[in-house]
Amino acid sequence: MSIFSSTDELQEVMAELWREIRATPEMAEKLIASRLIVQFRYREPEGLLTVDCSDGKELKIHVGQTDIKPLIEMSMKADIAHDFWLGNVNVPMALMMGKIVSRGPTPKALALLPVIKPAYQIYPKVLEIRGKSSQLAG
Amino acid sequence: MNLFSYLCPTRITFGDGTASGIGDILSEMAVSNPLIVTDKVLVEKGVLDPVLKSLADSGLKEVPIFQDVPSDSDVDCVRRAVELGKSKNCDSLIAVGGGSVIDTAKVVNIGLSMGGDLLDFEGINNLYSPLMPMVAVPTTAGTGSEVSAVAMIKDYESGKKLLFGSRFLYVNAAVLDPTMLVTLPPRLTAATGLDAVTHAIEAYVAMGANPITDSLALQSLQLLFQYLPIATASGDNLEARAQTLLASTMAGMSFTNSGVGIVHALAHTVGAKYSVHHGIANAIFLPHGMEFNIEASAARYAQVWTYLCTAFSGCSSANKALGDKFVSVADPVQAAYQLVNAVRELLKDCSLPDKLRDVKVPEFSESSLQELAETAMTDPAIMFNPREASPDDLISILKEAY
């Protein structure tokens with residue numbers, strides 16, 4: 001059974017996390033400078049979230065279906081995303097083992113992994129606010 | 001023990017003259033209209049002849065040949081090969097060449113099998129069905145592309161490197177025929193061989209290392225330390241060609257499942273910017289990358305050193321020099337440095353340069369150092385390195401290697 005009970009819950013948690021990332025200059029500035037559009041496609045439950053930094057000015061978050069064409073797509077089970085934000089997933093290894101599918105210039109996304117590391121500390125707080133702190137043990 | 005997965009679905013056929021059996025391999029695959037992907041030099045030297053004869057003996061006399069693969073292949077070349085394959089209704093591929101040829105053929109296979117725009121398939125695990133059957137016949141002993149699940153080509157139009165990674169990119173059969181390598185010049189033999197040495201050493205300490213990749217890396221290194229200087233000095237020594245070819249494939253099976261590291265990240269970056277051969281760039285960076293990693297991986301390097309000392313301790317009089325060189329030490333850090341020194345000596349034995357300035361790389365400015373370090377930080381190889389590196393760490397290595 002997934003950590004997330006529904007698409008709505010999954011998307012709300014992920015959107016909240018990205019809003020926190022956007023509000024943290026040490027992460028936001030470097031993400032915006034990348035000018036990437038990355039789309040996260042989740043399954044079990046299904047979910048879709050797009051992070052758009054293409055204008056180099058602001059980090060826009062789109063929840064659900066969108067017409068924006070991403071440069072990179074990352075597809076995974078929602079539980080893998082949960083483990084990732086807890087700092088428990090080595091993304092290159094997960095790619096190698098087929099747990100994550102990436103489409104597009106993957107190295108550009110991998111290069112941003114060190115940038116978003118501070119979010120590992122933020123994610124548990126987002127879960128706590130959403131009343132999901134019991135999931136922290138994984 | 002950590003969770004791991006290991007995959008190598010490629011059938012490997014090894015031995016002198018095995019390229020003459022390609023017709024039989026295609027018959028077993030139930031295909032009859034292959035596209036050969038190769039380069040002009042190999043065609044001119046007649047290296048392709050045993051393959052063509054085998055196909056003719058199997059009744060395939062008019063096989064289309066795409067021979068325009070450059071040393072640094074690109075999208076345009078792939079598209080032209082795809083057009084040729086389509087126009088001839090090809091049902092399979094045979095790649096005869098080094099890493100660039102085999103990588104090109106893999107991407108051609110994506111184009112022929114999947115149709116549509118190649119860029120739609122860029123990424124990792126982004127192929128969802130098997131491709132056409134493909135056979136690879138390496139003519140260098142180094143890249144391991146014949147057993148890897150990745151392919152990399154350039155897109156000159158956009159100035160980008162395109163990375164394709166998928167279990168469907170493993171070729172169906174790899175034919176390791178040492179006779180296909182006898183015309184390879186000494187410098188290329190040494191450079192590609194050091195690529196294999198780098199694969200094995202980086203695979204052994206990489207984040208994804210596991211007991212299977214370890215055993216392949218260790219055996220590969222034993223063969224390379226013993227036979228690479230011989231293959232370099234005497235290209236017609238078929239035993240040395242055979243052992244280095246086998247070692248290269250084993251190192252490929254290892255790194256494609258474990259990852260590589262900081263040496264490859266720097267070699268990709270500097271190689272692309274200053275047109276330094278990939279094997280030579282690896283050779284130059286390898287001792288420096290190892291020294292950087294000793295802080296995290298001394299015990300692992302020491303295991304390699306101990307393995308090699310044991311392997312060479314009983315060497316015959318002909319190889320007594322190896323036994324004298326590889327002497328066991330108890331302290332892991334000291335053993336790790338012994339391994340680094342052995343790599344440096346291997347470079348000398350193979351007459352390879354050990355400084356970037358010796359391969360026409362211009363002196364680095366502060367801004368170029370910064371740019372190179374930032375680019376290397378985005379290289380996928382560095383994600384598997386056992387010790388996290390900062391841009392300043394990379395700049396230090398670049399300066400040392402210059």
Side-chain angles (χ1 to χ4, degrees), chain A residues 26-27 29-44 50 53-54 69-77 79-81 83-84 86-118 120 138, chain B residues 2-7 117-128 148-150 152 155 158-168 203 206-210 213 255-261 265 268-269 272 373-386 388-391:
Chain A
E26 67 173 301
M27 288 188 279
E29 285 169 11
K30 288 175 184 163
L31 292 168
I32 291 167
S34 75
R35 291 178 174 260
L36 294 180
I37 305 175
V38 183
Q39 187 165 76
F40 299 94
R41 294 171 167 268
Y42 303 114
R43 60 183 193 279
E44 299 178 31
T50 308
C53 300
S54 59
K69 189 171 162 42
L71 183 69
I72 300 165
E73 289 174 18
M74 306 287 276
S75 308
M76 69 203 83
K77 281 186 179 177
D79 283 0
I80 294 285
D83 286 340
F84 168 76
L86 288 175
N88 295 334
V89 172
N90 177 310
V91 175
M93 287 305 298
L95 284 163
M96 200 176 252
M97 294 175 77
K99 290 182 178 177
I100 300 177
V101 173
S102 76
R103 183 177 179 190
T106 312
K108 287 187 175 181
L110 293 180
L112 292 173
L113 288 174
V115 173
I116 55 171
K117 264 188 180 174
Y120 300 163
Chain B
N2 290 333
L3 178 78
F4 73 88
S5 76
Y6 177 87
L7 182 64
D117 188 348
L118 272 180
L119 297 183
D120 286 343
F121 304 102
E122 184 191 7
I124 311 288
N125 305 317
N126 196 24
L127 295 171
Y128 297 92
S148 82
V150 295
M152 201 181 266
D155 181 356
S158 65
K160 292 174 188 164
K161 267 187 191 171
L162 306 179
L163 174 70
F164 301 84
S166 164
R167 65 195 166 97
F168 296 119
M207 303 275 283
N210 63 63
T213 58
F255 89 79
T256 202
N257 283 278
S258 67
V260 277
H268 289 153
T269 305
E374 279 169 18
T375 307
M377 288 294 289
T378 69
D379 191 285
I382 208 165
M383 312 288 168
F384 295 95
N385 198 61
E388 200 165 326
S390 68

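The figures here come from the full heavy-atom set of this structure, side chains too, leaving out hydrogens, waters and symmetry mates. The chains referred to below are lettered A, B, ... by the order of the sequence lines, with proteins before strands, and numbering in each begins at 1.
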Worksheet item: Just how far is it from atom CG of A:L110 to atom CD1 of B:I124, taken to the nearest 0.5 Å?
Response: 7.5 Å
Worksheet item: Within the side chain of B:N125, is there an N or O that forms a donor-acceptor pair under 3.5 Å with the backbone of A:L95?
Response: yes
Practice prompt. Check whether B:Y128 gets within reach of chain A through its side chain, its backbone, both or neither, counting any heavy atom under 4.5 Å.
Written response: side chain
Discussion item. If I take atom CE from residue B:M383 and atom CG from residue A:L113, how far apart are they, to the nearest 0.5 angstrom?
Written reply: 6.0 Å
Discussion item. For chain A, which candidate among B:A149, B:S166, B:S5 shows the most heavy-atom pairs at distances under 4.5 Å?
Written reply: B:S5
Fill in: A:P107 versus B:L163, closest heavy-atom pair with distance
CG-CD2, 4.2 Å
Item to complete: Any pair with a residue in residues 102-111 of chain A that passes salt bridge (charged side-chain N to carboxylate O under 4.0 Å, His left out), sequence neighbours left out, goes on the list, sorted by first then second residue, please.
Response: A:E73-A:R103, A:R103-B:D120
Discussion item. Taking side chain as everything from C-beta outward and backbone as N, CA, C, O, which of these in B:E374 sits under 4.5 Å from a heavy atom of chain A? Side chain, backbone, both or neither.
Written reply: neither
Fill in: Closest heavy-atom pair and its distance - B:G123, A:T106
CA-OG1, 3.5 Å
Worksheet item: Which bit of A:I100 is near chain B, if near means a heavy-atom gap under 4.5 Å: side chain, backbone, both or neither?
Response: backbone
Worksheet, complete the sentence: A:M96 meets the side chain to side chain contact (heavy atoms under 4.5 Å, CB included) criterion, sequence neighbours left out, with A:M93, B:F384
Worksheet item: Are there more than 12 heavy atoms of other residues, nucleotides or ligands under 6.0 Å from atom NZ of A:K77?
Response: no
